[in-house]
Amino acid sequence: DETGFGRRPEKGKRKSVLISKSCQIHPFWRECTDIHHISLVMCVTASCDYLRPMLISTRARHDSDISDTFFKRWAEYTKTEKGYQTSVSMLYWVKNVLAPYIHLMRAIKEENCTCILIIDGCSAHFSEDVKNEIDKIGDVILLPIPPHSSHLTQMLDATVFGSLRRRYGSTPSNSTITSIFTRKLLGIKTALQTCITEELIRSGWESTGFKLELVDGEVNKITFDDGFKRMLLAEASGESENQ
């Protein structure tokens, strides 16, 4: 799933002011805007880990000061016209994040395990190019969640993104970095690394209907109630429109 770090950082905030009754100018608040919208694409696993993050913006190039940070070692980055997920950026994610992760896990386990990818119904996720690239990985099942149900069925929306955005809002920016764009990228990195834990990811799974059973710190079994199972299976088989 993806979440945005938008252009209006002061949205929803309040300011206390003193107003003189004799003043002829009505009070107003000129809200600050951020010229760079950044989207974070994130994927968590049933073992309560997360894949390499990917960030999307309208900028094709970074400022030079990012070379003196760990950002490029931590995340992928790509450009789209408006800074939101598109079929092109989704294809980039499949090639550079999903495929390497699946190949690595299969090499470690020495077997061709089936990968089930739960994803929302955004059209960018299901273009022909994306499906063809996923087919190249082999044995990957796409499981779309029902429309307008992300707050109920998408574990990232349920807990992870809310915690991440709150931490981002309270994370002080690095004053040694002169570029506002670089500071924003590093702020997202710091927020994610300081708040995303196995326990938080597990709470996201469980709040959306999945129950994870742990044995010695490893996920041994995943279960969910029959109603939730029927809903997902109907959506995956295309039967939901008839129910």
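For clarity, every value in this text was computed on a predicted model and none was experimentally measured.
Arg166 is linked by a salt bridge (Lys or Arg N to Asp or Glu O under 4.0 Å) to nothing, counting only residues two or more places apart in sequence or in another chain. In this structure Ser20 satisfies the side-chain hydrogen bond (donor to acceptor under 3.5 Å, both in side chains) test together with Ser22, sequence neighbours excluded. Every salt bridge (Lys or Arg N to Asp or Glu O under 4.0 Å) that Arg202 has, sequence neighbours left out, goes to Glu206. Not counting sequence neighbours, the partners of Ser39 by the side-chain hydrogen bond (donor to acceptor under 3.5 Å, both in side chains) test are His37. When the ring-ring contact (aromatic ring centres under 6.0 Å, His included) test is applied to Phe71, the partners found at least two apart in sequence or on another chain are His62, Trp74. Scanning for side-chain hydrogen bond (donor to acceptor under 3.5 Å, both in side chains) contacts around Ser175 gives an empty result, with sequence neighbours left out. For Asn96, there are no side-chain hydrogen bond (donor to acceptor under 3.5 Å, both in side chains) partners two or more places apart in sequence or in a different chain.
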Chi angles and distances behind the side-chain contact (heavy atoms from CB on, under 4.5 Å) call for Ile180, Arg183: CA-CA 5 Å; Ile180 296 176; Arg183 287 208 300 265; 3.7 Å; yes
Residues Phe5, Thr3; criterion side-chain contact (heavy atoms from CB on, under 4.5 Å); working and verdict: CA-CA 7 Å; Phe5 294 83; Thr3 187; 4.1 Å; yes
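Every pair tested for salt bridge (charged side-chain N to carboxylate O under 4.0 Å, His left out) that includes a residue from residues 207-218 fails, sequence neighbours excluded, so the list is empty. Note on residues 118-140: no pairs pass ring-ring contact (aromatic ring centres under 6.0 Å, His included), not counting sequence neighbours. Sorted by first and then second residue, the pairs that involve residues 43-52 and meet side chain to side chain donor-acceptor pair (under 3.5 Å), not counting sequence neighbours, are Thr45-Ser47, Arg52-Glu76. Within the structure, ring-ring contact (aromatic ring centres under 6.0 Å, His included) contacts touching residues 177-206 (residues at least two apart or in different chains) are His36-Phe181, Trp205-Phe210.
Thr190 approaches Thr194 most closely through the heavy-atom pair O-OG1, 2.7 Å. Between Ala46 and Val219, the shortest heavy-atom distance links the atoms O-CG2, 3.3 Å. Ala124 and Val130 get closest at one heavy-atom pair: O-CG2, 3.9 Å. Nearest heavy-atom pair across Pro100 and Val94 is CD-O, 4.3 Å. Closest approach of Gly83 and Thr58 over heavy atoms only: N-CG2, 3.5 Å. The two atoms that bring Pro53 and Leu40 nearest to each other are CB-CD1, 3.8 Å, heavy atoms only.
With hydrogens and angles disregarded, no donor-acceptor distance shorter than 3.5 Å links the side chain of Ser127 to the backbone of Ser123. Checking side-chain atoms of Asp120 against main-chain N and O of Cys122 turns up a donor-acceptor pair under 3.5 Å.
Between Val44 and Met155, some side-chain heavy-atom pair lies under the 4.5 Å cut-off. Inter-residue side-chain proximity for Asp1 and Ile119 is flagged as unmet; no heavy-atom pair is nearer than 4.5 Å.
The line from CD of Glu2 to CG of Asp157 is 9.5 Å long, rounded to the nearest 0.5 Å. To the nearest 0.5 Å, atoms CG (Leu156) and CD1 (Ile201) are separated by 8.0 Å. Atom OG1 of Thr78 is separated from atom CD of Gln85 by 9.0 Å, given to the nearest 0.5 angstrom. Atoms OG and CD, on Ser87 and Glu128 in that order, are 11.0 Å from each other to the nearest 0.5 Å. Within the model, atoms CD1 of Ile177 and CG of Asp68 stand 7.0 Å from one another, a figure rounded to the nearest 0.5 Å. Separation of atoms CE (Met42) and CH2 (Trp93) is listed at 11.5 Å; rounding is to 0.5 Å.
Transitive grouping of hydrophobic side chains (ILVMFWY, heavy atoms separated by less than 4.5 Å) keeps Ile222 and Val215 in distinct clusters. Met90 and Val88 fall into different hydrophobic clusters, where Ile, Leu, Val, Met, Phe, Trp and Tyr are joined by side-chain heavy atoms under 4.5 Å apart, directly or via other members. Under a hydrophobic clustering in which Ile, Leu, Val, Met, Phe, Trp and Tyr are joined whenever their side-chain heavy atoms come within less than 4.5 Å, directly or via other members, Leu185 and Phe70 fall into different clusters. Both Leu117 and Leu51 are members of a single hydrophobic cluster when ILVMFWY side chains are connected at heavy-atom separations under 4.5 Å.
Between the side chains of Asn112 and Arg106, at least one donor N or O sits under 3.5 Å from an acceptor N or O. In this structure, a donor-acceptor pair under 3.5 Å is present between the side chains of Asn174 and Thr176.
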Report, one line per pair, each donor and acceptor closer than 3.5 Å where one atom sits in a side chain of residues 134-147; sequence neighbours left out.
unit_1: Lys136; atom_1: NZ; unit_2: Glu133; atom_2: OE1; d: 3.4
unit_1: Asp139; atom_1: OD1; unit_2: Thr114; atom_2: OG1; d: 3.2
unit_1: Asp139; atom_1: OD2; unit_2: Thr114; atom_2: OG1; d: 2.9

